[in-house]
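Please read the structure below before turning to the comments.
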2 protein chains.
Amino acid sequence: MRVSREQMAENRERILDTAATLFRERGFDGVGVADVMKAVGLTHGGFYGHFSSKDDLAAQALGRAFVHAGQWAAEAKAAEPEAPLQAIFDRYLAPSHRDDPGHGCPVAALGSDTARQGEASRLAATEGVRAAIKGLSAITPGATEEERRTTAIASYATLVGALVLARLVDDGALSDEILAAAKTELQSAQE
Amino acid sequence: MRVSREQMAENRERILDTAATLFRERGFDGVGVADVMKAVGLTHGGFYGHFSSKDDLAAQALGRAFVHAGQWAAEAKAAEPEAPLQAIFDRYLAPSHRDDPGHGCPVAALGSDTARQGEASRLAATEGVRAAIKGLSAITPGATEEERRTTAIASYATLVGALVLARLVDDGALSDEILAAAKTELQSAQE
DNA sequence: CTCTTTATATGATGCTTATCATGTAAATTC
DNA sequence: GAATTTACATGATAAGCATCATATAAAGAG
């Protein structure tokens, strides 16, 4: 059955959002085209009217998941004008973020996966990382532009690594300790 | 055809080593049982004489991949008795490590994957991470035991995150910059 | 209101892959 | 060295999944 133009556009958006969440939760190979469509409330047949392939969906969903990363600085400034960097660290390293990969950082959720993905996905991720670094640099202290950027990149790496490690281990106490340790070090580096 | 006891034991070891490499290179879902056996020079049929399932293999191969991580400190001390920590940072953040995931850090290569794996794999990874933290703590400077451990965990996170990001991006210059930035920050934190 | 278009549903198709069943030849045992 | 065991090979089996073909009913055009 046919749906209205707006309905179709909305369906497409929901497919993208749903895919972005499911991929982060279960990995690219852990989610089938039919799974995504079913979660949206459609059947698998209509999929290829929206996307040319699963790879195409993966790349676009990745881009969608990265949108948030590009707005890091702006959001943090709005939420905590006094200490935006601190707000980012707190949010990123919160147990709630660790426990909800579907709506969190795509690098932590799909990082090792994406490195093995097709070109389109790699490009989307690269742009996302670039935007995240730029946003972080803008609110990172430092004498020179270059120094701020270097520090921002390292902070980003610490955040990602800590979240990956915290999700990896099968021991809640150790997981909490990892998040806390990263937060402590990132704070003390700020002085 | 049957092979000797030693031959069988050697085959089992080669299956494990090969799997540990292939999984890190292509992800758990990117490698089939038949792929591993073929790479070893056997056929898929004999697999279940060695392991009870692919999950079983994955868990044991992960354990194998983590062996190296537990010996971090010892190896670094042997190679660079003066500055073992520096040796670890240099080696971990080297382009050669980035470009050879099959023989490198299992957290960076399979981190986000493993978080979705079965219990046995999670446990193997948890033990590996624990050992790596312990090893790093032993050569990390700091006033108290607790402080050394906190710093070691954060350094580990920075290493992992930087490698994941460096492998993720589709731009060699940005990738190199990420590795260099992490190294710079880790060094300056040491004073 | 009729005609045309099309977004989605249903139902193949073909491929990949984990696992199992059976055969066989070589190692081990006695 | 005959009998037995067994590690591996060959060849199913069955399930999952990406993609495509066709049908249909509802939207949009006139």
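In what follows, chains carry the letters A, B, and so on, assigned in the order in which the sequence lines appear, proteins first and then strands, with residues in each chain numbered from 1.
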Check the distance between [N]'s [atom2] and [X]'s [atom1] and give it to me in whole angstrom.
X: A/Met8; N: C/dA7; atom1: CE; atom2: C1'; value: 6 Å
X: A/Tyr48; N: D/dA23; atom1: OH; atom2: P; value: 21 Å
X: A/Gln7; N: D/dG28; atom1: CD; atom2: P; value: 11 Å

Side-chain ion pair, [X] and [Y], N-O less than 4.0 Å:
X: A/Glu13; Y: A/Arg64; result: yes
X: B/Glu145; Y: B/Arg148; result: yes
X: A/Asp171; Y: B/Arg130; result: yes

Can I get a per-line list of side-chain donor-acceptor pairs under 3.5 Å for residues 23-37 of chain B, giving both atom names and the distance, sequence neighbours left out?
| residue | atom | partner | partner atom | Å |
| --- | --- | --- | --- | --- |
| B/Arg24 | NE | B/Ala20 | O | 2.9 |
| B/Arg24 | NE | B/Gly102 | O | 3.1 |
| B/Arg24 | NH1 | B/Gly104 | O | 2.7 |
| B/Arg24 | NH2 | B/Gly102 | O | 3.2 |
| B/Asp35 | OD2 | B/Gly32 | N | 2.8 |

- Task: Could you name each residue pair satisfying salt bridge (charged side-chain N to carboxylate O under 4.0 Å, His left out) that touches residues 109-122 of chain B, not counting sequence neighbours?
- Result: A/Asp113-B/Arg116, A/Arg116-B/Asp113, A/Asp170-B/Arg122, B/Asp113-B/Arg116
- With a 4.5 Å limit on heavy-atom distance, are the side chains of B/Leu159 and B/Val107 in contact? no
- For DNA chain C, whose closest nucleotide is more 5', that of B/Gly45 or that of A/His44? A/His44
- Item | Test item: A/Ser175 side-chain N/O and A/Ala166 main-chain N/O as donor-acceptor pair under 3.5 Å | yes
- Note on the structure: In B/Glu6, B/Arg12, B/Arg14, B/Met8, the residue satisfying side chain to side chain contact (heavy atoms under 4.5 Å, CB included) with B/Glu10 is B/Arg14
- Message: Please tell me whether A/Glu185 and B/Thr150 have a donor and an acceptor in their side chains that are separated by less than 3.5 angstrom.
- Response: no
- Item | Listed partners of A/Asp176 passing salt bridge (Lys or Arg N to Asp or Glu O under 4.0 Å), at least two apart | A/Arg98
- Reading nucleotides 22-30 of chain C 5' to 3', which nucleotides get B (base under 4.0 Å from a protein heavy atom), which S (sugar-phosphate only), which -? --BBBBSS-
- Task: Ignoring the backbone of A/Leu42, work out which of D/dA9, C/dA9, D/dA7 is nearest its side chain.
- Result: C/dA9
- Task: Kindly state which residues belonging to residues 50-58 of chain B come within less than 4.0 angstrom of DNA chain C, counting heavy atoms of the residue only, listed by number.
- Result: B/Ser53, B/Lys54
- Item | Test side-chain hydrogen bond (donor to acceptor under 3.5 Å, both in side chains) applied to A/Ser121 and A/Thr114, step by step | CA-CA 7 Å; A/Ser121 292; A/Thr114 307; over 6 Å; no
- Task: Give, ordered by number, those residues of residues 11-40 of chain A having at least one heavy-atom distance below 4.0 Å to an atom of DNA chain D; if nothing qualifies, reply none.
- Result: A/Val31, A/Gly32, A/Val33
